[in-house]
Trainee: 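My questions will all concern the structure given below.
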Amino acid sequence: MRPALFWSAASLAIVLMLLLAVAFGTVPLTISEVGHALAGTGEPTNIAIVRTLRLPRAVLALLVGAALGMAGAALQGSLRNALAEPYLLGVSGGAAVGAVAAVAVGLTGAAFVPVAAFAGAAVAVALALVVSRAATGSAEPRALLMAGVIVGAFANAAIMVALAGARPNTVRGALWWMMGSVADASWTHVAWLAVYTAAGGGALIWFARDIDVLALGEEPAASLGLDVDRAARRIYLLSSLLAAATVAAAGLVGFVGLVVPHLVRAAGIHRHRALLAGSALSGAALVIGADLAARVLRPPTELPLGAITALIGVPFFLVQLTRRS
Amino acid sequence: MIDFRNVSVRYRRAPQLALSQVSFSATTGAVTAIVGPNGSGKSTLVRALLRRIPLETGSILMGGIPIDRVSRRALARQLAIVTQREESHYAQPVRDAVALGRYPHQGHWRAALAEDDAAVQQGIELAGIGDLADRSTAELSGGEWQRVRLARALAQGGSALVLDEPTTFLDVSHEMAAFELLATLARGGTAVLVVSHQLNLVARFADAIIVLNRGEVVASGSPDDVMQASVLESVYEWPLVIVRDPAVGAPALIPLRSRSWRGDVRG
């Protein structure tokens, strides 16, 4: 695919997915009804459905996808590993431990869970960085990946322990959250995630050339005048911030960060500034679409969003693995 | 001009110094070669130039200024280093890979100016990769990739060029072409420092040779001074003879078959 075609296709896909996400559901709406509801005219029920239920949900999905896409692109580039993504690196696992711990001790308020998720992610990131530094003296990618995977495994074990003695209701709540969902979206969620996505994504785009250079390897990057350890740490922390914010807003949505940068690279986009922007667009379209599928595939049951993205992501992951070996 | 002054380097928790009181100069307008057996400290020396390891003693000067006194990007505008290994992780057009050499000039946001494009084009032409410029880095052979990396270092500009084993993947003609290019660059006013295993090639092209062994400079001088069997035998711990290259008269090293012949050679 040519890059110009990719940009139009990705933008079109987002608009299309947003329209479909707002129109489809238990109460199907026509495009003109959606238009009227958005404008504040038309039936009050439709206005309520569109403005307070479906639109914030679709926009939250958009932000989750954009943030995860950018985090994946930045991690894959700076760690020089095409399989890197926040889900595999312990960042999401740490966030999940924080959130599940909060739920398990009864702090289920909308204010507590995201804060706890952030704290968990921060601990996981710090742990991975400290362990990899102790092992190699620098934040060397292989050591960092290994440390992240180990921290993630530890996080999963911690979640099991936290849930072992919990009441069934708590377990179901935590489980739903670990499978990812934007069902509880509100404009407050959207606003918070928008702030983090804009700040973290904006900073990554600002430092995008550092990722271009880091992708060459540590010594070649150093020969071009980059402070390699500092730049790599900065990219890792910014990506982690984005991932943690999405976990706080929507739980664990895996594989978006893995799949999306590959699609964008396949379209012939390789410089990281464009790759980040393209991954934001494609990730947004993918997650809005996945959430739509989660809502409409088996009504009235809602499928977990994280499961849908994983169902798309896992086969892709396997193909990627066989191609590499 | 690159100056090493009493540079010592020790790796974390290592009992021995990786570099011990190393002093030498790679002067402007000359090709200076660093040779030595495996583990002699050649790569450590390049890593010190990259500021990837702290110096225990001494200093490295670039144009008379210690390299840790200037910003990394300012240093990279003066000093380009082609490191020993580099994998091409993500495919990109060759021209874009070469254009990354302008990073120290452009920083995070500045777009390419005419001078950047000119430097990239010059790097491509000097390295002789004009026919590769529009291809993807994924399609390149080891030798082609090596020349693309050289082009990137040339696009970086600057007054000094350091190459760590630049001809590892090159066949005879490209190896010769690469060294011819280094000699030409030196005559044009660049300080060229090349780390190489290729003693015979180095002896033909270098103006000065520095022999490292176990982290210390054990010999230095012109190729004729350094290419002595007495010097090199003890460094490489292998019997060898020095002959004259029949074509150009440069000293050339011929290693002998096995250690057991040592007595015969000496006798």
Side-chain angles (χ1 to χ4, degrees), chain A residues 3 73 76-84 133-142 202-232 234-235 261-262 264-275 323-324, chain B residues 11-14 43 46-54 67 70-93 96-97 99-112 136-138 145 148-149 152-153 155-156 158 161-164:
Chain A
Q76 286 176 15
S78 63
L79 296 176
R80 300 182 286 286
N81 191 312
L83 300 176
R133 277 183 78 88
T136 61
S138 68
E140 204 245 341
R142 265 174 308 164
L204 282 179
I205 285 178
W206 175 261
F207 291 117
R209 273 191 194 151
D210 287 1
I211 310 179
D212 288 337
V213 174
L214 275 173
L216 300 173
E218 277 167 47
E219 294 198 340
S223 78
L224 290 170
L226 186 70
D227 188 341
V228 173
D229 291 336
R230 209 169 127 197
R234 182 159 55 204
I235 301 299
H262 286 275
V264 183
R265 264 190 235 107
I269 290 163
H270 55 86
R271 285 196 180 129
H272 278 85
R273 185 155 295 145
L275 189 57
R323 269 205 204 143
R324 279 170 65 86
Chain B
Y11 285 105
R12 241 178 12 146
R13 295 197 281 261
S43 296
V46 175
R47 229 166 276 148
L49 270 171
L50 287 166
R51 290 164 69 178
R52 295 287 292 156
I53 35 172
I67 58 170
V70 294
S71 77
R72 285 170 190 272
R73 276 197 7 225
L75 179 63
R77 288 195 286 269
Q78 284 306 309
L79 168 69
I81 302 176
V82 181
T83 58
Q84 192 172 356
R85 273 183 301 270
E86 178 180 339
E87 285 177 48
S88 174
H89 294 275
Y90 299 108
Q92 57 182 320
D96 288 6
L100 282 176
R102 300 305 289 173
Y103 170 81
H105 301 264
Q106 290 177 301
H108 288 123
W109 206 260
R110 180 168 76 66
S136 163
T137 54
W145 174 233
V148 170
R149 297 179 58 216
R152 188 177 70 208
Q156 227 171 305
L161 179 63
V162 177
L163 307 101
D164 192 357

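Side-chain atoms are counted along with the backbone in the values below, which use heavy atoms only and exclude waters and symmetry mates. So you know, we letter chains A, B, ... as the sequences are listed, proteins then strands, and number each from 1.
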Trainee: Check each atom of B/Ala91 against the heavy atoms of chain A and say whether the ones under 4.5 Å are side chain, backbone, both or neither.
Mentor: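 Contact with chain A: backbone only.
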
Trainee: Would you indicate whether A/Arg230, at its atom CZ, is surrounded by more than 12 heavy atoms from other residues, nucleotides or ligands within a distance under 6.0 Å?
Mentor: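 No - once you tally the heavy atoms of other residues, nucleotides and ligands closer than 6.0 Å, there are 12 at most.
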
Trainee: How far does NE2 of B/His89 sit from CD of A/Gln76, to the nearest 0.5 angstrom?
Mentor: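 Spacing of NE2 (B/His89) from CD (A/Gln76) equals 13.0 Å.
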
Trainee: Considering non-hydrogen atoms only, spot the tightest contact between B/Arg152 and A/Pro220 and give its length.
Mentor: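 So the two residues come closest at NH2-CB, 3.8 Å.
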
Trainee: How close do B/Ala76 and A/Ser223 get, heavy atom to heavy atom, and via which atoms?
Mentor: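 Residues B/Ala76 and A/Ser223, closest heavy atoms: CB-O, 3.7 Å.
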
Trainee: With a 4.5 Å cut-off on heavy-atom pairs, point out which of B/Leu50, B/Leu75, B/Leu79, B/Val82 contacts chain A the most.
Mentor: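 Among the listed options, the one with the most contacts to chain A is B/Leu50.
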
Trainee: Can you measure from CG (A/Asp212) to NE2 (B/His108) and round to the nearest 0.5 angstrom?
Mentor: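 The NE2 atom of B/His108 is 10.5 Å from CG of A/Asp212, to the nearest 0.5 Å.
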
Trainee: May I ask you to check whether A/His270 and B/Tyr90 place their ring centers less than 6.0 Å from one another?
Mentor: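 Not under 6.0 Å, so no.
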
Trainee: Taking side chain as C-beta onward, heavy atoms only, is A/Glu219 less than 4.5 Å from B/Ile81?
Mentor: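 No, their side chains stay 4.5 Å or more apart.
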
Trainee: Rounded at 0.5 Å granularity, tell me how far CZ in A/Arg265 sits from CD in B/Gln92.
Mentor: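 Separation between the atoms: 11.5 Å.
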
Trainee: Tell me, side chain or backbone of A/Leu275 under 4.5 Å from chain B's heavy atoms, or both, or neither?
Mentor: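 For A/Leu275, no heavy atom lies under 4.5 Å from chain B.
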
Trainee: Select, from B/Pro93, B/Ser136, B/Ser71, the one with the greatest count of heavy-atom pairs under 4.5 Å involving chain A.
Mentor: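 Option with the top pair count is B/Pro93.
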
Trainee: Could you go step by step and tell me if B/Arg52 and A/Asp229 meet the salt bridge (charged side-chain N to carboxylate O under 4.0 Å, His left out) rule?
Mentor: CA-CA 9 Å; B/Arg52 295 287 292 156; A/Asp229 291 336; 3.7 Å; yes

Trainee: Below 4.5 Å from any heavy atom of chain A, which atoms of B/Gln106 appear? Answer side chain, backbone, both or neither.
Mentor: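 Interface part for B/Gln106: both.
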
Trainee: Give me the atom names and distance for the closest heavy-atom approach of B/Tyr103 to A/Leu226.
Mentor: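 Looks like OH-CD1, 3.1 Å.
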
Trainee: Starting at CD of A/Glu218, measure out to CZ of B/Arg85 and round the result to the nearest 0.5 Å.
Mentor: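 It comes to 12.0 Å.
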
Trainee: Looking at every heavy atom in both A/Leu216 and B/Glu86, which two are closest together, and how far apart are they?
Mentor: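 Shortest heavy-atom separation between A/Leu216 and B/Glu86 comes out as O-CG, 3.4 Å.
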
